[in-house]
Amino acid sequence: MTERYESSVIISTYNQPDWLEKCLWGFAYQTDRRFEIVIADDGSEPETRQKAEAVCQALGLPLNYVWHPDDGFQKCRILNKAILAARSDYLLFTDGDCIPKPDFIATHLTLRRPGHFLSGGYFKLPMSTSRLISQDDVATGRAFTAAWLRAHDVTAPWNKLLKVTATPRQAWWANRITPANRSWNGNNSSTWRDLAVQVGGFDERMGYGGQDREFGERLMNAGIRPIMMRYSTGMLHLDHSRGYRNEEGIRKNRAIRAETRKQKKTITEFGLDPATR
């Protein structure tokens, strides 16, 4: 019998084993451990899987590894495979270059509501800070404090830091006054598995740039409402280059998003196989 979990954390990755290790540290020290890790690997070399398996075994994290051969930037395709492989009714999405706060799982599970998705945020670190973070910094939680961040090359204003340092009261107010859109943000969002499948998952025509937002737009067109939790729990986003970014692909993605909005599309014909819906 297949084991079931309260939640499945889908982590996208591609040839960043050291950053993925730091990401997994964050999940090892969660206050709520009722989850499985689902790695959505977009064609990495074997080192990435070896690293993930070693870290998860050492830290007691249940690992469900989904991989396909490298065919360029195909994040949407591997995310769809991960959705189908997940062994939970509730899916949390993030990236392998993000370290979650210790209350990440607990907060998502507490705030989830039927017929909704959660829209979270992240705080981007400079490269120097990204390299400095140790397992102990994550385990103790100090990497998510303003004092530690200030002491390690972070110069962002206090209101930006709130995305990882906010108290529950500060988060309550900030979530209500933020001008940010209640959009699907691929490194800190969650929803029910059946809702993700209902809209066809991610549009596999899309490359880098806005593919997460398009998925969220179809969810909203289908009547699935967003809940703002930008300040409720956060991620530390590790710095890296984006060699896969190209303007032609971004223009194509914008055209697909414009079509989704204009036609108020609720399903993509270029996502999950209709037989899964």
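Just so you know, residue 1 is the first one in the sequence shown, and it goes up from there.
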**Q** Would the number of heavy atoms belonging to other residues, nucleotides or ligands and lying under 6.0 Å from CH2 of W173 be above 12?
**A** no
**Q** Identify whether NZ of Lys or CZ of Arg in R112 sits under 6.0 Å from the centre of the six-membered ring of Y90 and within 45° of that ring's axis.
**A** yes
**Q** Establish, from distance only, whether the side-chain atoms of S44 and D42 form a donor-acceptor pair under 3.5 Å.
**A** no
**Q** Is it possible for you to say whether Y5 and L92 belong to one hydrophobic cluster, with membership spreading through side-chain heavy-atom contacts below 4.5 Å?
**A** no
**Q** Taking the basic N atoms (NZ, or NE/NH1/NH2) and the acidic carboxylate oxygens, is any pair closer than 4.0 Å for R257 and E214?
**A** no
**Q** Which residues pass the side chain to side chain donor-acceptor pair (under 3.5 Å) test with E204, sequence neighbours left out?
**A** N80
**Q** One pair to check against side-chain contact (heavy atoms from CB on, under 4.5 Å): R113 and I227. What are the steps and the verdict?
**A** CA-CA 9 Å; R113 297 290 183 272; I227 296 174; 3.8 Å; yes
**Q** Checking R150 against W148: charged group under 6.0 Å from the ring centre and within 45 degrees of the axis?
**A** no
**Q** Do N221 and T266 have side-chain atoms, one donor and one acceptor, less than 3.5 Å apart?
**A** no
**Q** Determine, using the 4.5 Å side-chain heavy-atom cutoff (strictly less than), whether V138 and V164 are members of one ILVMFWY cluster.
**A** yes
**Q** Applying side chain to side chain donor-acceptor pair (under 3.5 Å), name anything that partners T94, two or more places apart in sequence or on another chain.
**A** none
**Q** Tell me whether R49 is salt-bridged to E53, with the criterion being a basic N under 4.0 Å from an acidic carboxylate O.
**A** yes
**Q** My understanding is that only one of N188, T233, D32 makes a side-chain hydrogen bond (donor to acceptor under 3.5 Å, both in side chains) with H108; could you say which?
**A** N188
**Q** Would you say CD of Q170 has more than 12 non-hydrogen atoms from neighbouring residues, nucleotides or ligands within 6.0 angstrom?
**A** yes
**Q** My understanding is that only residues two or more places apart in sequence, or in another chain, count here; which of them pass side chain to side chain donor-acceptor pair (under 3.5 Å) with S232?
**A** N175
**Q** Decide whether W19 and F144 are clustered together by the hydrophobic rule: side chain heavy atoms of Ile, Leu, Val, Met, Phe, Trp, Tyr closer than 4.5 Å, transitively.
**A** yes
**Q** Are D18 and R131 ion-paired here, with the side-chain N under 4.0 Å from a carboxylate O?
**A** no
**Q** Does CZ in R176 sit with more than 12 non-hydrogen atoms of other residues, nucleotides or ligands closer than 6.0 Å?
**A** yes
**Q** Taking it one step at a time, do E36 and V9 satisfy side-chain contact (heavy atoms from CB on, under 4.5 Å)?
**A** CA-CA 6 Å; E36 66 164 342; V9 182; over 6 Å; no
**Q** Can K163 be said to sit on top of Y231's aromatic six-ring, NZ or CZ under 6.0 Å from centre and within 45° of the ring axis?
**A** no
**Q** Is any NZ, NE, NH1 or NH2 atom of the basic residue among R142 and D137 found under 4.0 Å from an Asp or Glu carboxylate oxygen of the other?
**A** yes
**Q** Answer with yes or no whether the side chains of Q74 and Y14 bring together a donor and an acceptor at under 3.5 Å.
**A** no
**Q** Where do S88 and S8 come nearest, in terms of heavy atoms and distance?
**A** CB-OG, 3.1 Å
**Q** Can you classify the ring geometry of W184 versus F93 as parallel (below 30°), tilted (30 to 60°) or perpendicular (above 60°)?
**A** perpendicular
**Q** Hey, are K75 and D41 close enough for a salt bridge, meaning a charged N less than 4.0 Å from a carboxylate O?
**A** no
**Q** Can you tell me how far apart CD (E45) and CD (Q50) are? Round to the nearest 0.5 Å.
**A** 10.5 Å
